[in-house]
Protein chains: 2
Amino acid sequence: MGAELPIDVEDVRAAAGRLAGVAHRTPILTSRTLDDRVGARVFLKAECFQRVGAFKFRGAYNAVAQLTAEERARGVVAASSGNHAQALALAARLHDAPATILMPEDAPPSKRAATEGYGAEVIEFDRYASDREALTADLVAARGLTLVHAYDDPRVMAGQGTAGLELAEDVPDLDAVIVPVGGGGLISGCAVALRAAIGGVRVVGVEPAASDDVARSLRAGDRVRVEVGRTIADGQQLPTPGAVTWPVIAALVDDVVTVADDDIVAAMRFLLERMKVVVEPSGATSLAALLAGRVAVPRGGRVGVVLSGGNVDPGRLASLLGG
Amino acid sequence: MGAELPIDVEDVRAAAGRLAGVAHRTPILTSRTLDDRVGARVFLKAECFQRVGAFKFRGAYNAVAQLTAEERARGVVAASSGNHAQALALAARLHDAPATILMPEDAPPSKRAATEGYGAEVIEFDRYASDREALTADLVAARGLTLVHAYDDPRVMAGQGTAGLELAEDVPDLDAVIVPVGGGGLISGCAVALRAAIGGVRVVGVEPAASDDVARSLRAGDRVRVEVGRTIADGQQLPTPGAVTWPVIAALVDDVVTVADDDIVAAMRFLLERMKVVVEPSGATSLAALLAGRVAVPRGGRVGVVLSGGNVDPGRLASLLGG
């Protein structure tokens, strides 16, 4: 069955080779206070310290690195108002490739500025009146650009999985690893790496309850589409699992649980006050699930938690935490 | 001359042995954005991730670990409203020793609660009406307690110096290291470790301009006493260098520079927004000096920066950053 999946552990290892010396090998943070609260040893993989502030850099760089010289010269494109926009902009700049990013016109000015700061051209669109898939396809056709999808691309998935590979290398014998789930690129890459490295490890995904498409799809045994509700976890507001990530998730992820916004805020507060780390709402869903008791961990066991990103404006952070 | 100093590198190495597996080996954080701004490669030693949120744990633990069984049974005492209070409380608990902490009655309730949370007895005093040295001496005499001073103790200095030892081990060939200076325990221990490990390394201290006793003392060639002004850097509001730390500073520290509160806020903002790390005002003075151009670093050189602690309430953080 493994041969049918779009990536295997060799793809993740090859990505790690491309990322060596380019991406940060992010640290593992631990806390006795956290261990005591959970009743297990907890290892936080701090991807908030990754370049551009999130794991997305790993995938974007691994994809751009595999383009031909001709493809790079023509440039890359993606539609994103989030971390993938900055990640692809930086990955392209590091390869001297032009990047075009489609952003909704109501995207936060700070995200647009950061993306342009990495040298990308930003094209605005009306998220209510326009079809972003069609706009992207038009740019691909008109300009000969290569689409680097935020998650539904084996090169992106393998690159994102290097976070899990590093976690397995740094912390042997994990009983479980908890990973935020949006489109599924991170968890599919991590599941491939972790399953190959650690016999019997459980891989558990976390979604906001307002956007629980992957959890429902796992229960249904097939991709389902949900209506996305309001949530502070803006990196995970997707209606359905990725077409490419889904088979990996279905094969290798043990469970996907959900958290409420209050759980996420509590986890962000713990991370800020006790761990001195800024983690964005989506990035904190993994710890939120653990702290809220949504993931069964063996007493005294060892659990890895991927904190996937830290891009939250100080003003929003203050208002979320009631500061 | 080295033989006359209260500690040498063997004391720091012995401290590192005692702290192995007990203190965190805190990570080194890097950022291309920061490197570009400074024109050098910058290595941030993130002691905000240390146990109790600051380097103070290293010194307190190393001191308590060297007490006799009888001394431990009687207990330890210190006067502190800051990070040393929590550090000594935890170090004592880990050695099954009772801890008594003298705190001014206007200390933040969160600091008192954290100290009591580690099992210490807190005794309040009126910081305007009482002499804390006399109160401490009374407790030492009446209860047979052992004083563990926040900085003026060779065991504390050697323990705090393990932060510098780790930095030298993790980042070879540093041209300069920048360290916040309060009473001088951290910089004296770090200077001893760094000088022994890296030939020609410059060790530069940073004080808030409102409390520049060590900078003035270095210029005067002897300890001077200053009137401490208002500053947000509450961990460094001391009128004169420590009697025990001073000779080490005079012998091994190249320079001590000062920063304004605005510089500190700018550094805290950079750390929060770009590095995703919470650092308290005193802990950010080192980076503040670098960003404000107060420390000469060779173009393309390598500079270590000790971020000494992260204990700042989210509300205060928000108000300092205008969030």
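These numbers come from the heavy atoms of this one structure, side chains and all, not from hydrogens, waters or symmetry mates. To find a chain, count down the sequence lines: A is the first, B the second, and so on, and within it residues start at 1.
- For chain A, the nearby part of B:Arg274 is the side chain; its heavy atoms alone come within less than 4.5 Å.
- Counting all heavy atoms, side chain and backbone alike, B:Gly53 lies closest to A:Lys276 at CA-CE, 4.3 Å.
- Atom CZ of B:Arg41 sits in a sparse spot, with 12 or fewer heavy atoms from other residues, nucleotides or ligands closer than 6.0 Å.
- Across all non-hydrogen atoms, the minimal contact from A:Val278 to B:Val277 is CG2-N, 4.4 Å.
- Using a 4.5 Å cut-off between heavy atoms, B:Asn311 contacts chain A through both its backbone and its side chain.
- A distance of 7.0 Å separates CG of B:Leu272 from CG of A:Leu272, quoted to the nearest 0.5 Å.
- Residue contact with chain A, scored on non-hydrogen atoms closer than 4.5 Å, involves the side chain of B:Leu29 exclusively.
- One finds the OH atom of A:Tyr118 at 5.0 Å from the OG1 atom of B:Thr33 (value rounded to the nearest 0.5 Å).
- Interface check for chain A: of the options B:Ser110, B:Cys48, B:Ala46, the most heavy-atom pairs under 4.5 Å are formed by B:Cys48.
- The distance from atom CD of B:Glu273 to atom CG of A:Leu317, rounded to the nearest 0.5 Å, is 10.5 Å.
- The minimum heavy-atom distance linking A:Arg32 with B:Val22 is given by the pair NH2-O, 3.5 Å.
- The part of A:Arg51 that comes within reach of chain B is its side chain, from C-beta onward, which places non-hydrogen atoms under 4.5 angstrom from that chain.
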